[in-house]
Amino acid sequence: MFKEAREIVKNSKSVYVVAHVNPDGDAIGSTFAVYFALKKLGKDVHVIMPAYSTVFEFLPGVEHSVENVKEEEYDLLIALDASDRTRLAMSEEDYNKAKKVIMLDHHQISNPYGDFRYINDLKSSASEIAYLFIKSLEVEFDENIATLLYTGIMTDTGSFNYSSTKPSTLQIASELIKTGIDFAYICQRLNHTMKEAKLKLIGVAIQNMEVFYEG
């Protein structure tokens with residue numbers, strides 16, 4: 001499945017990883033999981049990540065993100081969770097600096113790009129695809145990688161409530177939990193943590209709520 005991608009990674013030293021603009025949990029989780037995996041392979045790797053919700057500040061590695069490509073040329077760009085090049089959180093100039101591009105995506109409507117493409121809309125999330133990709137690289141899953149992937153899968157499946165959740169999704173989640181991640185803490189941070197301003201806004205909305213048509 002990822003044979004050609006493995007060869008590209010093997011022959012690359014400088015790597016950038018990117019997802020879509022306005023990154024959500026899946027974009028953040030999948031990109032930084034790939035970041036940590038490639039670091040284990042000895043790659044010089046960076047994640048391009050624009051501003052994101054403070055909800056995700058607890059995730060490992062997010063403080064190491066960069067805004068753009070520093071080099072005049074680099075070996076490999078890995079793009080996740082972006083069905084179209086125009087959705088990538090990077091400039092056209094930085095995209096064109098890459099010698100090779102790997103595209104990993106799970107959207108039903110995709111506009112393929114890159115030298116290697118894996119698009120599977122039966123997968124719940126880009127993080128589920130990232131799990132398979134990292135496994136193919138024979139990288140050991142540690143707590144950092146597992147925390148990021150679990151976060152990505154959780155957010156894109158609505159905490160496993162959406163129909164995109166398949167048996168394989170839960171099997172992968174189970175494997176990630178086996179690494180020792182604090183999945184209860186992840187759930188608390190994602191689902192039970194709210195900014196004061198948002199809570200106050202909800203309070204105002206409830207206070208001003210009106211009921212019509214007998215409920």
Side-chain angles (χ1 to χ4, degrees), residues 1-21 23 26-50 61-62 64-142 144-146 148-149 152-153 156 168 172 175-176:
M1 179 164 48
F2 294 108
K3 184 178 180 181
E4 184 183 346
R6 287 199 306 271
E7 281 301 305
I8 294 174
V9 170
K10 180 182 176 181
N11 295 321
S12 300
K13 180 172 175 55
S14 54
V15 185
Y16 278 81
V17 188
V18 70
H20 56 75
V21 293
D26 190 28
I28 297 168
S30 59
T31 52
F32 279 99
V34 170
Y35 163 84
F36 277 112
L38 295 180
K39 291 281 279 187
K40 286 191 168 193
L41 294 176
K43 306 299 179 183
D44 178 20
V45 56
H46 305 278
V47 173
I48 296 178
M49 182 65 60
V62 292
H64 298 307
S65 64
V66 299
E67 295 181 358
N68 47 52
V69 174
K70 303 299 182 185
E71 298 87 345
E72 289 299 317
E73 188 179 59
Y74 59 101
D75 296 327
L76 174 61
L77 173 68
I78 299 178
L80 294 119
D81 205 27
S83 58
D84 194 292
R85 274 178 61 177
T86 59
R87 292 266 298 140
L88 291 175
M90 68 189 313
S91 67
E92 186 76 9
E93 180 184 359
D94 282 348
Y95 179 91
N96 290 330
K97 289 179 180 180
K99 295 178 184 177
K100 294 282 185 179
V101 177
I102 290 174
M103 175 195 185
L104 306 175
D105 188 38
H106 71 109
H107 294 97
Q108 288 185 355
I109 302 173
S110 275
N111 185 14
Y113 53 91
D115 302 282
F116 173 87
R117 297 176 292 275
Y118 180 81
I119 304 166
N120 190 338
D121 62 10
L122 296 178
K123 300 302 180 185
S124 67
S125 55
S127 293
E128 188 173 336
I129 292 174
Y131 171 89
L132 299 173
F133 177 62
I134 292 169
K135 192 171 183 180
S136 77
L137 296 176
E138 298 181 346
V139 172
E140 183 180 354
F141 289 85
D142 58 23
N144 283 342
I145 295 173
L148 289 156
L149 293 177
I153 292 171
D156 246 33
S168 60
I172 288 172
E175 291 301 314
L176 296 173

> Would a distance-only check, ignoring hydrogens and angles, find a side-chain to backbone donor-acceptor pair under 3.5 Å from D26 to S127?
Replying inline: yes

> Between CD of E140 and CD1 of I145, what distance do you get to the nearest 0.5 Å?
Replying inline: 8.5 Å

> Looking at side-chain heavy atoms only, is the closest gap between V69 and I48 below 4.5 Å?
Replying inline: yes

>> Could you walk me through whether V62 and M49 satisfy the side chain to side chain contact (heavy atoms under 4.5 Å, CB included) test, starting with their C-alpha distance in whole Å, then the side-chain angles of each, then the deciding distance to 0.1 Å, before giving a yes or no?
In response: CA-CA 8 Å; V62 292; M49 182 65 60; over 6 Å; no

> Should V9 and I102 count as side-chain neighbours, where that means a heavy-atom distance under 4.5 Å?
Replying inline: yes

> Is the closest side-chain donor-acceptor distance between D156 and S124 under 3.5 Å?
Replying inline: no

> Quick one: which of V101, V47, L38 gives a side-chain contact (heavy atoms from CB on, under 4.5 Å) with I78?
Replying inline: L38

>> Side chains of D81 and S30 only: does a donor on one sit below 3.5 Å from an acceptor on the other?
In response: no

> Which pair of non-hydrogen atoms, one from A37 and one from V139, has the smallest distance, and what is that distance?
Replying inline: O-CG2, 3.8 Å

> At what distance, to the nearest 0.5 angstrom, does NZ of K135 lie from CE of M1?
Replying inline: 9.5 Å

Can you list, pair by pair, the side-chain donor-acceptor contacts under 3.5 Å of residues 85-92, counting residues two or more places apart and other chains?
{"residue": "R85", "atom": "NH2", "partner": "E92", "partner atom": "OE1", "Å": "3.3"}
{"residue": "R85", "atom": "NH2", "partner": "E92", "partner atom": "OE2", "Å": "2.3"}
{"residue": "T86", "atom": "OG1", "partner": "D84", "partner atom": "OD1", "Å": "2.8"}
{"residue": "S91", "atom": "OG", "partner": "D94", "partner atom": "N", "Å": "3.1"}

>> Within the structure provided, determine whether K123 and L132 are in side-chain contact (heavy-atom separation under 4.5 Å).
In response: yes

>> So F133 and L80, do their side chains get closer than 4.5 Å, heavy atoms only?
In response: no

> What distance separates N96 CG from E73 CD, expressed to the nearest 0.5 Å?
Replying inline: 11.5 Å

> Using the ring of each side chain (for Trp, its six-membered ring), is Y95 parallel, tilted or perpendicular to Y113, with breaks at 30° and 60°?
Replying inline: perpendicular

> If you take all heavy atoms of A19 and T31, which pair is closest and at what distance?
Replying inline: CB-CG2, 3.6 Å

> Which heavy atom in G152 sits nearest to a heavy atom in S125, and how many Å separate them?
Replying inline: O-CB, 4.2 Å

>> Could you go through Y16 and E71, starting from their C-alpha distance and side-chain angles, then the distance that decides it, and tell me whether this counts as side chain to side chain contact (heavy atoms under 4.5 Å, CB included)?
In response: CA-CA 11 Å; Y16 278 81; E71 298 87 345; 2.6 Å; yes

> How about K39: does its NZ atom have over 12 heavy atoms from other parts shown lying under 6.0 Å from it?
Replying inline: no

>> Quick one, R6 and L137 - any side-chain contact, counting heavy atoms below 4.5 Å?
In response: yes

> Just how far is it from atom CD1 of I129 to atom NE2 of H106, taken to the nearest 0.5 Å?
Replying inline: 6.5 Å

>> Using side-chain heavy atoms (C-beta onward) and a distance below 4.5 Å, is L149 in contact with I172?
In response: no

> Got a sec: does the NZ of K40 have more than 12 other heavy atoms crowding it under 6.0 Å?
Replying inline: yes

>> Once you measure the plane-to-plane angle for F2 and F116, does it fall in the parallel (<30°), tilted (30-60°) or perpendicular (>60°) bin?
In response: tilted

>> Go through it in stages, so that I can follow the logic: the residues are L148 and Y35, the test is side chain to side chain contact (heavy atoms under 4.5 Å, CB included), and I'd like the CA-CA distance, side-chain angles, deciding distance and then a yes or no.
In response: CA-CA 10 Å; L148 289 156; Y35 163 84; over 6 Å; no

>> Does any part of the side chain of M103, heavy atoms only, come nearer than 4.5 Å to the side chain of S110, both counted from C-beta?
In response: yes

>> Would you compute the distance between atom OG of S14 and atom NZ of K97 and round it to the nearest 0.5 angstrom?
In response: 11.5 Å

> Does some side-chain heavy atom of H46 sit less than 4.5 Å from a side-chain heavy atom of Y74?
Replying inline: no

>> Restricting to side-chain contact (heavy atoms from CB on, under 4.5 Å), what partner residues turn up for S12, sequence neighbours left out?
In response: I8, V15, D75, L76

> Is the number of heavy atoms from other residues, nucleotides or ligands within 6.0 Å of NZ (K43) greater than 12?
Replying inline: yes

